[in-house]
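Below is one structure; the comments refer to it alone.
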Amino acid sequence: MPIIQIDGQEHEVDTGQNILQACLSLGLDLPYFCWHPSMGSVGACRQCAVVQYQHAEDEHGRIVMACMTPVTEGALFSLTGDKAQRFREGIVEALMLNHPHDCPVCAEGGECHLQDMTVMVGHRDRKYRGKKNTHHNQYLGPLIHHEMNRCITCYRCTRYYNDYAGGTDLAAMAAHDHIYFGRHEEGVLESEFAGNLVEVCPTGVFTDKPLVHEYTRKWDLQSAPSICTSCAVGCNTSPGERYGKLKRIHNRFNADVNGYFLCDRGRFGANFVNSVNNLNYPGSRTEDGRFNALDQQQALLKMAEACDTNNIAGIGSPRASVEANYLLRTLVGADNFAPGFSDVEQPLVELALTIQQSSSAMIADIKNIESADAILILGEDVTNTAPRIALALRQSVRNKAYELAADLGLESWQDSAIRTLAQNQRSPLFIATVGDSRLDDVAEERFNLAPDDIARLGFAVAANIAGEANLGSDDELQQKAKNIAKALKNAKRPLIISGTSCGNSALMESAAQVTQALCNADKQPLPLLSMIVAEANSLGQAMLISDNAVSLSDLTARACAGALETLVVLENDLYRRGKEKDINELLENITNVIVIDGLDNRTLSASSLALPAANFAESEGTLVSMEGRAQRHYPVYLPNAQRRASWHWLLACLKQMGRDEVTEIECFDDITQACATQNSSLSGITTAAPNHQFRNIGVKIPRQTHRYSGRTAMRADISVHEPKQPVDKETPLAFSMEGLNRSQPGSLLPFVWAPGWNSNQSLHKFQSEVGGQLKLKGGTAGTRLLQATDNSNNIALFESPAAFKALKGQWQMVPRHKIYGSDELSVHSPAIAKLVRPAFVEINASDAKKLGVNDGDGVDLNDNKGDKLTTLEVSINDSIATGCVGYSVGFIATENLLAGESLVLSKAENWSPSESQQAVSSGVSDV
Amino acid sequence: MNVSIPTLLSDTEITEIDAEVAHLPTPAAAAIDALKIVQEHRGWVSDGSIKAIAKHLNMSAAELDGIATFYSMIFRKPVGNKVILLCDSISCWIKDCDGLQKKITQQLGIKAGETTADNEYTLIPVTCLGACDKAPVLMVGDDLHENIDEKYLQALFSNRPVEDE
Ligand code: SF4
Ligand code: SF4
Ligand code: FES
């Protein structure tokens with residue numbers, strides 16, 4: 001490792017870094033704007049100037065940009081030299097010429113990198129008294145607010161949006177002092193990752209629009225370490241609360257899960273926790289069908305009474321915590337516990353788990369994914385099913401560019417040089433999906449096939465890698481497979497991605513087969529495998545039921561046989577899990593339907609006893625992400641009204657009943673411990689985060705910043721006496737500003753702040769550079785429950801399905817996932833609801849012709865008994881495989897459809913598109 | 001003045017653009033040429049033209065607009081039949097281009113950035129026309145005029161009535 005000298009001090013630094021990285025890693029304060037750890041350097045802002053000396057006798061030195069200067073053995077620099085300091089101050093002064101003096105009304109104020117840098121360089125007095133440039137601000141959609149006058153032309157936004165995230169509708173317009181960053185014309189930003197602009201832009205140009213409308217300064221926000229619950233990726237987040245309301249979600253750095261970025265569903269979708277449709281009080285249904293509010297104790301007694309029977313069953317939820325599911329399973333018994341998946345999904349999630357548990361490949365985290373240099377996706381439209389992974393894949397295809405750069409001796413942070421060098425050369429990405437996907441623009445080849453044919457392609461690739469003939473597949477398929485196999489074999493780190501979203505097990509099996517074939521070829525490092533599942537705790541649910549899996553239809557059968565008296569449903573809207581008539585049948589045949597959930601839905605309405613569940617921001621819980629990472633989320637604020645964490649209700653009920661299983665359980669950590677002890681695949685969950693006894697150098701970790709203001713004033717309308725802050729007995733965090741938010745484990749970082757660094761850029765004070773990989777000093781949050789195992793001998797071999805042939809007069813229903821709309825809860829966030837398009841079916845032009853329908857027509861979807869399931873709007877999409885119909889899965893209007901089923905379609909008479917507007921979930925009503 | 005301009009590219013424009021594309025590695029590389037071609041035919045480049053050209057070159061409208069707005073000789077607003085480019089760079093400034101600009105304003109009734117009511121002239125100051133040795137200079141349409149003085153200006157626009165301000 002090279003040794004460099006900074007201001008006379010010798011420092012050992014990492015090879016391959018630039019001076020700016022080196023300085024920040026050493027804990028030195030060097031101002032910068034345009035450099036970003038994920039995006040490298042372009043030297044655009046000139047803020048990171050330092051003096052470099054040629055040799056010890058050189059007294060003058062010259063100004064260089066630290067971010068563009070590689071570390072070299074023996075190099076001499078000065079940060080504090082007068083020349084460098086004056087230069088840096090001059091840069092800020094120049095930026096300030098046109099920057100408005102509007103910090104008090106700017107949403108960035110108080111966490112603004114420009115404010116921090118201005119103070120850091122010591123620029124105080126504005127000499128310029130002339131006019132400032134003013135710009136027109138654009139409407140950029142419901143998520144992002146635009147205030148162009150504040151721009152300092154660092155170019156981070158376009159570099160992030162276009163170069164990093166693959167967007168095409170944001171650009172730098174014009175030049176010199178009238179440069180403008182915006183769209184060609186006003187309109188919704190198209191990228192699913194636009195929200196990161198809020199954190200990437202060092203000023204207040206791009207800000208969080210929902211936050212702007214209900215504003216709170218960063219220093220007044222209360223935060224806790226949290227996990228996004230909008231998909232299975234499990235991105236780490238830092239939600240901020242004030243007045244009992246969630247104000248915003250910021251990224252929480254986790255090198256292995258989400259790095260610096262979130263998707264917009266995650267960032268803006270969490271606002272469902274503020275919904276007016278929240279259930280706040282327990283209630284029981286009276287004879288006349290109305291709900292009576294109950295207090296907690298009454299509700300609990302009722303619940304305990306109803307549960308005191310052998311004819312009981314429970315339905316858990318892949319969106320509820322491991323702990324809550326575990327307690328429900330304890331309450332009803334493993335034989336009576338269904339995990340809460342649909343009948344189609346349950347075996348698929350179990351398959352995803354077995355494949356990953358038995359695979360000899362490495363189960364990929366995001367860092368692995370970004371290191372892949374050849375990728376095969378089987379069935380997933382990743383941008384819509386596991387959004388953050390898609391952003392990572394956009395980086396993987398750049399490995400070709402980094403290879404070319406390495407050949408020329410270019411450092412990987414030389415961003416614009418490497419992009420210019422590589423132009424459109426990319427590492428190969430092959431996408432086999434039912435229709436177009438949002439990553440098609442960076443794919444080497446895409447194949448739009450029916451799910452079974454995707455599987456056949458996969459099996460043919462596997463056979464090809466293994467050097468076997470794959471009989472039964474046609475020549476065309478063989479040729480395609482050969483190309484893919486070659487690319488995967490030649491790659492240093494091939495990656496196979498598949499998942500449950502198509503509702504097809506064969507294609508998942510084919511992915512397992514391809515991966516195994518690659519593993520058998522003795523590749524080092526290990527080939528990578530990633531299996532996408534749908535929800536925040538889908539995989540955890542599969543682990544929980546690995547010894548005994550009961551399905552939804554099993555329970556329905558029991559209910560119809562009159563064998564069920566009480567059913568407890570945990571955080572699950574069953575109408576999303578099966579056909580309406582089946583769910584009705586289940587619920588109508590049970591006397592006591594107890595539902596624990598937070599947001600009103602049809603299942604709650606059908607309950608006889610409803611218990612208000614705290615949401616993710618109000619409770620603690622462990623979730624197992626798609627890569628098998630157990631992660632803990634913590635309450636950001638205490639639950640409003642009578643809401644309680646689901647585990648809390650269940651534990652109280654078990655205690656009330658005097659059940660033995662819980663005599664030892666006194667707190668949340670005890671549940672985690674009990675679950676880990678009893679379930680070997682979940683044994684690692686206790687280490688996902690420290691337990692409630694953990695203290696950070698003797699004290700708790702504060703949720704509030706030490707400038708948190710107005711604790712008395714904010715409730716002065718009620719009383720001028722400030723109440724005692726609530727005591728948190730369950731976690732190492734405090735509802736207070738006292739404590740130490742520094743040097744704690746990575747899983748306990750509520751927000752980032754460091755002296756002089758009020759913006760999110762302060763993160764680097766919490767990071768250490770380990771082997772060229774930025775990590776949190778306190779270690780990466782979460783525990784991986786899946787490890788690569790050398791199982792090559794007992795791996796199951798799967799068989800290729802027959803070629804897809806549509807049944808005569810019928811179409812195969814294939815789910816089309818939408819980042820906005822397919823997820824149950826995020827559509828209740830008003831900003832996201834505005835982006836949900838009406839429910840649809842997609843069909844190619846020739847199939848549409850057969851049906852006699854055009855774009856915008858309605859079609860009736862009927863089962864083969866002739867019963868109409870739903871009517872949907874037609875959208876012609878020529879990429880959809882023939883014989884297949886894509887449908888917007890997860891929308892209210894499509895709840896009655898099952899993935900993979902074959903249906904009869906006919907043109908709907910007297911269809912008016914307005915009907916389809918109802919497709920959007922009720923979330924829109926709470927704008 | 002609102003001239004309505006068709007947004008679709010004409011056949012001639014397409015042929016000319018494609019001729020440029022033919023000897024470049026990617027269509028997008030012909031962006032500047034395509035903008036010049038369309039401007040040649042239409043006098044300026046409208047939002048609609050940006051979209052049409054972008055589509056033809058397989059790039060996004062934002063990306064093309066970034067290029068179009070970067071170059072000051074691509075006009076993103078309507079201009080008159082002839083554009084007067086008046087140099088205000090150092091040599092011409094020494095030789096009192098400011099005075100000339102006032103004169104033009106007097107004679108034609110337009111300030112910098114404006115177009116005459118009959119849509120004949122638009123006045124745009126530029127930094128350097130590459131003829132410093134003959135300062136002050138200006139261009140009218142494609143013609144360069146050197147060593148301008150008041151008399152010359154008078155003659156240059158003599159066919160026009162002096163407009164009231
Ligand atoms: S808008 Fe923000 S990120 Fe973009 S150039 Fe301006 S200051 Fe930088
Ligand atoms: S990728 Fe998934 S987990 Fe990550 S922010 Fe988006 S919705 Fe949340
Ligand atoms: S950070 Fe180095 S020039 Fe911008």
Side-chain angles (χ1 to χ4, degrees), chain A residues 42 44 133 135-136 138-141 144 146 148 151 153 155-191 193-194 197 206 394 416 419-426 438 440-443, chain B residues 2 5 7-9 21 23-32 34-36 38-39 44-79 85 87-90 111-113 124-128:
Chain A
V42 287
N133 276 344
H135 297 274
H136 168 78
Q138 287 182 322
Y139 168 78
L140 298 176
I144 309 287
H146 192 220
M148 185 52 208
C151 177
T153 59
Y155 277 78
R156 265 184 165 197
C157 52
T158 45
R159 291 180 58 225
Y160 163 73
Y161 192 90
N162 303 297
D163 299 349
Y164 191 88
T168 56
D169 59 329
L170 184 83
M173 311 278 177
H176 47 90
D177 74 337
H178 54 279
I179 198 161
Y180 186 92
F181 294 85
R183 281 173 49 94
H184 164 63
E185 55 194 5
E186 295 199 306
V188 181
L189 283 171
E190 286 161 12
S191 168
F193 306 97
L197 287 173
F206 298 105
R394 287 193 180 273
S416 77
R419 286 182 196 275
T420 310
L421 171 68
Q423 298 288 334
N424 287 333
Q425 300 182 69
R426 299 189 189 94
R438 289 283 279 151
D440 290 351
D441 58 315
V442 288
Chain B
N2 253 327
I5 290 188
T7 37
L8 292 182
L9 298 176
V21 171
H23 45 81
L24 291 168
T26 58
I32 300 172
L35 290 164
K36 279 161 69 182
V38 170
Q39 178 157 304
W44 66 294
V45 181
S46 68
D47 281 359
S49 301
I50 289 284
K51 283 198 200 104
I53 301 170
K55 191 156 178 234
H56 191 73
L57 298 180
N58 198 14
M59 58 199 295
S60 77
E63 196 184 352
L64 183 66
D65 211 0
I67 296 167
T69 50
F70 179 84
Y71 292 104
S72 43
M73 289 302 125
I74 298 292
F75 306 129
R76 289 285 282 107
K77 281 185 187 161
V79 290
L85 300 174
C87 178
D88 60 7
S89 195
I90 185 84
K111 298 202 201 81
I124 300 178
V126 291
T127 0
C128 200

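Computed over heavy atoms, backbone and side chain alike; hydrogens, waters and symmetry mates excluded. So you know, we letter chains A, B, ... as the sequences are listed, proteins then strands, and number each from 1.
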Heavy-atom contact with chain B under 4.5 Å, split by part of A/Ala174
both
Where B/Ala62 and A/Ala171 come nearest, the two heavy atoms and their spacing
O-CB, 3.3 Å
Just wondering, do B/Asp47 and A/His184 contact through their side chains at under 4.5 Å, heavy atoms?
yes
Quick check: are there more than 12 heavy atoms from other residues, nucleotides or ligands sitting under 6.0 Å from CG of A/Asp441?
yes
Do you know which of A/Thr168, A/Asp169, A/Leu170 has the most heavy-atom pairs under 4.5 Å to chain B?
A/Thr168
About how many Å separate OG1 of B/Thr69 and CD1 of A/Ile179, when rounded to the nearest 0.5 Å?
8.5 Å
Region of A/Gln423 in contact with chain B, defined by heavy-atom distances below 4.5 Å
neither
What distance do B/Arg76 atom CZ and A/Met173 atom CE have between them, rounded to the nearest 0.5 Å?
8.5 Å
So what's closer than 4.5 Å to chain A heavy atoms on B/Ile50: side chain, backbone, both or neither?
side chain
